[in-house]
Amino acid sequence: MSSSAGVRRAGLLVPLFSSPSEKSWGIGEIADLEPTTAWLAGGGQRILQLLPINEMAHGQQSPYSAISAMAIDPIFLSMSEVPDFVALGGESSLSADDRLRLSAVRQTPAIDHQTVRQLKDAALRAAFTRFSQAEWCRDTERARALKRFLSEQAWWIEDYGIYRALHAREGERPWTEWPEALQRREPAAIAQARRELAREILFYQYLQWLAALQWADARRRTNGVELFGDLPFMVDGDSADVWARQQQFRLDASVGVPPDAFSATGQDWGMPVYRWDVVAGEDFRWLRERARRGADMYDGYRIDHLVGFYRTYGRPRGGGEPFFTPPDEPSQIALGERVLAVFRAAGAEVIAEDLGTVPDFVRASLARLGVPGFRVLRWERHWHTPGQPFRDPSEYPPVSAAASGTHDTETLAAWWEHAAADERRMVSSLPTVQRVTGNRGLIDRPYQPDVRDALLEALVASASNVVLVPVQDVFGWRNRINEPAVVSDDNWTFRLPCPCDRLGDVPEARERQEKLREWAQQYKR
């Protein structure tokens, strides 16, 4: 368990993809963690909360649609830190057309995932060709370093490498459409594929080696800021993990959530359902491996959709009644607490995303185990009291993470602007809000900087040991990261309006940094 658990800290949610620097290729990259954390540290922030950086499914831009629970998406590689690309001449080695495209994606107000991925894939393949000729074939020290990495990470990277190479050879078709022998992972078919695709397998493993080296270097340069990751509840059905562990999943049903605040009809995520009896029979090995990987990469992480690890909501793909697995409360509690024990045993600090339709017994279980859940201002209300008044932040339990919203919510600005008058009135009357506004309150006030700061300060002043605020809410921006249950090209494309390594040159960013530092000092974070 992290030595910081239980300590009062504040931090921001800034997705890695959202914070490119001037050198980046139109998307936030691993090396950009250093300037981002430098700005956070200057503001007294001690946590940088990221969204998942797992390799995204083909044609997808959602970090929650991953083809591997272990692999880092190569789209986050910093090309200026790839020795083989630098040896080729770096950006000067690109064609004139690609240099123009690179210039364009660096200027786009939103992330152009497709173009960024095309540019990087071509550059990385050229880098790999150079590595193969100058290093691998000559068995140099760098070649031996890659071999050591492959040996150390064999527990996940062997399945990943062959899956990724097969997926490319099969035209990026789902593995359920591959030749039957490959679907069933027949040893002879797999052995033949390893021989035929040896170079392609090595290419994908080489990318993961580069990512591991860059990540390790970035971890040494976080300016004292802790890195928190995000462990998705599931990976895509078309993933290396499900292909390698088919017996652990129900492929005839898909995971989702029942109706909640995000969707009146619930959500169907299209991902397979855990066979919890099989998972338990294998002593939760895959989840232990995920926990190990998370602890290797992060100081802590948010467990996405925590309630799903207590009771998974499934829908039969052929129609029929949705169901929960396990089916009854005692077995749900037993499962959830066992899974949490698995995650915590790896050593990283964990925070449970316990939002949405969550039964009371789940939060009671978290409290009993001392695992912090989220306290989102707009949803923290005395729901069983007449009028459903808001809960004052001073009442939040210390073992919790106070937040203004998440990557899935509308921004604080949008929520306040659309909130009913009685909701604004109740928030305004909260003792903490009255205190930070000098008893002026916020009733019928438009969302101006003083309203923004009163709401933020109330959270920083809360009793929660951890405060995590999306970066948009710190500035009062209205751009959201994701709109759940909506398929949109705008989702997951948010980027900071200036490069992360130029935040110190922007007056508004300097003012926000000073205010964050002032609050962190005042409220002992």
Side-chain angles (χ1 to χ4, degrees), residues 15-17 25-30 51-77 79 98 101 105 110-128 156-180 182-183 185 190 193 196-197 199-208 210-211 230 232-246 249 251 254-255 268-272 290 304 317 482 486-493:
L16 180 57
F17 59 76
W25 286 28
I27 193 170
E29 299 172 347
I30 296 172
L51 294 183
I53 60 169
N54 306 96
E55 184 168 2
M56 291 173 269
H58 181 70
Q60 295 288 324
Q61 56 195 43
S62 167
Y64 293 93
S65 181
I67 61 169
S68 170
M70 311 298 176
I72 294 174
D73 198 315
I75 202 171
F76 296 121
L77 283 169
M79 297 307 303
D98 279 353
R101 296 169 75 208
V105 295
I111 298 158
D112 180 350
H113 286 262
Q114 182 178 358
T115 302
V116 171
R117 196 173 290 282
Q118 290 170 350
L119 287 169
K120 287 197 174 184
D121 186 61
L124 288 167
R125 285 191 176 275
F128 176 67
W156 69 271
I157 205 165
E158 287 192 0
D159 280 330
Y160 164 78
I162 192 167
Y163 165 85
R164 196 65 190 83
L166 281 167
H167 210 278
R169 188 183 75 177
E170 295 294 327
E172 307 294 357
R173 292 187 301 159
W175 65 263
T176 50
E177 298 177 12
W178 296 354
E180 195 169 331
L182 292 174
Q183 289 185 43
R185 293 170 55 86
I190 296 297
E196 294 173 352
L197 298 173
R199 178 180 169 82
E200 190 77 352
I201 291 170
L202 185 63
F203 168 65
Y204 290 111
Q205 294 175 332
Y206 162 81
L207 298 184
Q208 292 305 308
L210 293 177
D230 189 312
F233 173 64
M234 266 302 303
V235 290
D236 209 74
D238 182 22
S239 64
D241 309 87
V242 174
W243 176 64
R245 298 167 182 81
Q246 297 170 39
F249 302 94
L251 303 180
S254 61
V255 167
D268 184 346
W269 298 337
M271 299 174 181
R290 295 182 69 190
D304 170 56
R317 292 188 186 274
N482 176 52
V486 173
V487 177
S488 167
D489 290 339
D490 294 332
N491 283 344
W492 317 110
T493 64

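What's counted below: heavy atoms across the whole structure, side chains too, no hydrogens, waters or symmetry copies.
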Any idea which heavy atoms bring [X] and [Y] closest together, and the distance?
X: Arg317; Y: Met271; answer: NH2-C, 3.8 Å
X: Val235; Y: Ser239; answer: CG2-OG, 3.4 Å
X: Gly237; Y: Trp175; answer: O-NE1, 2.9 Å
X: Asp268; Y: Val255; answer: OD1-O, 3.6 Å
X: Val116; Y: Ile27; answer: CG1-CG2, 3.8 Å
X: Pro272; Y: Met234; answer: O-CE, 3.6 Å

(message) Under a 4.0 Å threshold between the charged nitrogen and the carboxylate oxygen, would Arg185 count as salt-bridged to Asp159?
(response)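 Answer for the salt bridge query: yes.
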(request) Answer yes or no: is there an ion pair linking Asp73 with Arg117, defined by an N-O contact shorter than 4.0 Å? (result)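 So Asp73 pairs with Arg117 through a salt bridge.
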In terms of the angle between their ring planes, are [X] and [Y] parallel, tilted or perpendicular, with boundaries placed at 30° and 60°?
X: Trp178; Y: Tyr163; value: tilted
X: Tyr206; Y: Phe128; value: tilted
X: Phe17; Y: Trp492; value: perpendicular

Test item: [X] side-chain N/O and [Y] main-chain N/O as donor-acceptor pair under 3.5 Å:
X: Asn491; Y: Ser62; value: no
X: Asn54; Y: Ala66; value: no
X: Gln61; Y: Thr493; value: no
X: Gln246; Y: Gln183; value: yes
X: Gln208; Y: Ile72; value: yes

Gap between atom [atom2] of [Y] and atom [atom1] of [X] - 0.5 Å precision:
X: Tyr64; Y: Trp269; atom1: OH; atom2: CH2; answer: 10.0 Å
X: Leu166; Y: Leu182; atom1: CG; atom2: CG; answer: 5.5 Å
X: Arg101; Y: Gln118; atom1: CZ; atom2: CD; answer: 5.0 Å
X: His167; Y: Asp238; atom1: NE2; atom2: CG; answer: 3.5 Å
X: Leu124; Y: Leu210; atom1: CG; atom2: CG; answer: 7.0 Å
X: Ile111; Y: Asp489; atom1: CD1; atom2: CG; answer: 13.0 Å

(request) Starting from the C-alpha separation in whole Å, work towards a yes-or-no answer on side-chain contact (heavy atoms from CB on, under 4.5 Å) for Arg164 and Leu207. (result) CA-CA 12 Å; Arg164 196 65 190 83; Leu207 298 184; over 6 Å; no
Mind checking whether [X] and [Y] have side chains closer than 4.5 Å, heavy atoms only?
X: Arg125; Y: Asp121; result: yes
X: Asp241; Y: Ser68; result: yes
X: Tyr204; Y: Glu200; result: yes
X: Met70; Y: Tyr160; result: no

(message) Are there over 12 heavy-atom neighbours, none belonging to Glu180, within less than 6.0 Å of that residue's CD?
(response)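 Atom CD in Glu180 is not packed in, count stays at 12 or less.
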(request) State whether the number of non-hydrogen atoms from other residues, nucleotides or ligands found under 6.0 Å of Gln114 atom CD is greater than 12. (result)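 No, CD of Gln114 has 12 or fewer neighbouring heavy atoms, counting only those of other groups under 6.0 Å.
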(request) Might you work through the side-chain contact (heavy atoms from CB on, under 4.5 Å) test for Ile75 and Met56, ending with a clear yes or no? (result) CA-CA 9 Å; Ile75 202 171; Met56 291 173 269; 4.1 Å; yes
(request) Could you walk me through whether Ile30 and Ile53 pass side-chain contact (heavy atoms from CB on, under 4.5 Å), step by step? (result) CA-CA 10 Å; Ile30 296 172; Ile53 60 169; 5.8 Å; no
